[in-house]
J.: 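Please find one structure pasted underneath; my questions will follow.
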Amino acid sequence: MRVNRILLSSALVVVALVVQVSVLSRLHLPGAVPDLLLLTVLGLAMVYGHVGGALVGFGAGLLADLAPPADHAAGRYALVLCVIGYLAGLIKPDNGRIKSATGPMVVVVVAAIGTTLLYAGVGALVGDTAARHVGLGSLLFTAALYDLLLAPFVVPGIMALARRAENDPLADSGSQAKKTDISSGWLSGGTGLRIGGQRGGLSGLKVKAVRARTARAGRIKGVKRL
C-alpha cells in the first residue's frame with residue numbers, strides 16, 4: 001500500500017475505533033452496537049480494491065481485538081474484517097467511481113449481516129457462545145438496521161477522502177494544468193480574449209494584425225495614386 005493510503009487508513013481507523021468505544025458502545029441500544037469501524041473499512045475497501053480492503057480490514061480488526069474493553073480472543077475480529085474488506089473491495093469498478101448509492105447500501109447490509117455471522121461462527125469454534133444467549137436473529141436485524149442508518153453519514157465521506165488522497169500524488173502536472181485553466185479563465189473573463197485555448201487566441205491576434213497591415217497598405221497605395 002502507498003504511504004498516503006497507510007496514513008489515511010490508520011487515522012480513519014483510529015478515529016472510528018475511539019468513537020465506537022467511547023460513544024456508540026455507551027448508547028445501550030437494544031441488540032447490536034452500530035459498527036463504525038466496519039463502515040470505515042467498507043468505505044476504504046470500495047476505493048482501494050480487494051487487496052487494500054483486506055489489509056485495512058485486518059489492521060482495523062486487530063486493533064479492535066487489542067483495544068480495551070475487548071473480551072474475546074485476539075485475531076477474531078481481524079479475521080472477520082479481513083474477509084469482509086476483501087469481499088467489499090471486489091465491487092470496485094475499473095474507474096474507481098461508483099455512480100449509484102444502491103450498491104454501497106446493499107454492501108453495507110450484507111456486510112453487517114456477514115460480519116455478525118462470521119463473528120458468531122468463529123466464536124463458536126473457539127467456545128464463545130455469547131451470541132446464542134443474546135439471540136442471533138435480533139443481532140442480525142439490529143446490526144443491519146443500525147449500520148444502514150449510519151452508513152449515509154459515514155461511507156460517502158470516507159470514500160471521498162480516500163479518492164482525494166488517491167489522486168493527489170498521481171499527477172502534479174494535472175493539478176498544474178488545472179491551475180493554468182483557472183487563471184486563464186479569469187483572464188479571459190476580464191479581457192474578453194479566449195486565452196484558455198491559446199491557439200484560438202493567437203490565431204485571432206494574427207488575423208487582426210494581417211487586417212491592420214492590409215488596411216495600411218491600402219492607405220499607402222491610395223496616397224501614392226493621388
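These numbers come from a predicted model, not from an experiment. Numbering starts at 1 and runs along the sequence shown.
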J.: Distance from Leu63 atom CG to Leu17 atom CG, nearest 0.5 Å?
T.: 5.0 Å
J.: Would you say that more than 12 heavy atoms from the other residues, nucleotides or ligands in this model lie under 6.0 Å from the OH of Tyr146, or not?
T.: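 Yes, because the 6.0 Å sphere around OH of Tyr146 holds more than 12 heavy atoms from other groups.
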J.: Show me the donor-acceptor pairs within less than 3.5 Å that the side chains of residues 22-32 make with the rest of the protein, sequence neighbours left out.
T.:
residue: Ser22; atom: OG; partner: Val18; partner atom: O; Å: 2.4
residue: Ser25; atom: OG; partner: Gln20; partner atom: O; Å: 3.2
residue: Ser25; atom: OG; partner: Val21; partner atom: O; Å: 2.5

J.: Can you check whether Asp35's main-chain N or O pairs, donor with acceptor, with Asp147's side chain at less than 3.5 Å?
T.: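 Between the backbone of Asp35 and the side chain of Asp147 there is a qualifying donor-acceptor contact (under 3.5 Å).
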J.: Quick check: does any side chain N or O of Arg76 sit under 3.5 Å from a backbone N or O of Asp65, one acting as donor and the other as acceptor?
T.: no
J.: If you group Ile, Leu, Val, Met, Phe, Trp and Tyr by side-chain heavy-atom gaps below 4.5 Å, do Met46 and Val110 land in one group?
T.: no
J.: Which heavy atom of Val41 sits nearest a heavy atom of Ala60, and at what distance?
T.: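 Heavy atoms of Val41 and Ala60 come nearest at CG2-CB, 3.8 Å.
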J.: For the residue pair Met159 and Gly43, what are the closest heavy atoms and their distance?
T.: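 For Met159 and Gly43, the tightest heavy-atom pair comes out as CG-O, 3.4 Å.
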J.: Taking all heavy atoms of Ala45 and all of Gly53, pick out the closest pair and write down the distance.
T.: CB-CA, 3.6 Å
J.: Could you work out, with ring pair (Phe, Tyr, Trp, His ring centres under 6.0 Å) as the rule, every residue matching Tyr86, not counting sequence neighbours?
T.: His50
J.: Heavy-atom distance under 4.5 Å between the side chains of Ile158 and Leu39, does that happen here?
T.: no
J.: So which heavy atom on Leu38 is nearest to which on Tyr77, and how close?
T.: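 For Leu38 versus Tyr77, the nearest heavy atoms are CB-OH, 4.3 Å.
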J.: Work out which heavy atom in Ile113 is nearest to a heavy atom in Ala144; give both atom names and the distance.
T.: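 Heavy atoms of Ile113 and Ala144 come nearest at CG1-CB, 4.1 Å.
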J.: Give, for atom CG of Leu79 and atom CG of Leu62, the distance between the pair rounded to the nearest 0.5 Å.
T.: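 Reported to 0.5 Å precision, the distance equals 11.5 Å.
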J.: Give the minimum heavy-atom separation between Tyr48 and Leu8, together with the two atoms involved.
T.: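 For Tyr48 and Leu8, the tightest heavy-atom pair comes out as OH-CD2, 3.6 Å.
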J.: Are Val106 and Leu42 connected into the same hydrophobic cluster when the rule is that any two of I, L, V, M, F, W, Y join if their side-chain heavy atoms are below 4.5 Å apart?
T.: no
J.: For Leu139, is there any backbone N or O sitting under 3.5 Å from a side-chain donor or acceptor partner on Thr142?
T.: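 Present.
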J.: Heavy-atom distance under 4.5 Å between the side chains of Asn4 and Leu7, does that happen here?
T.: no
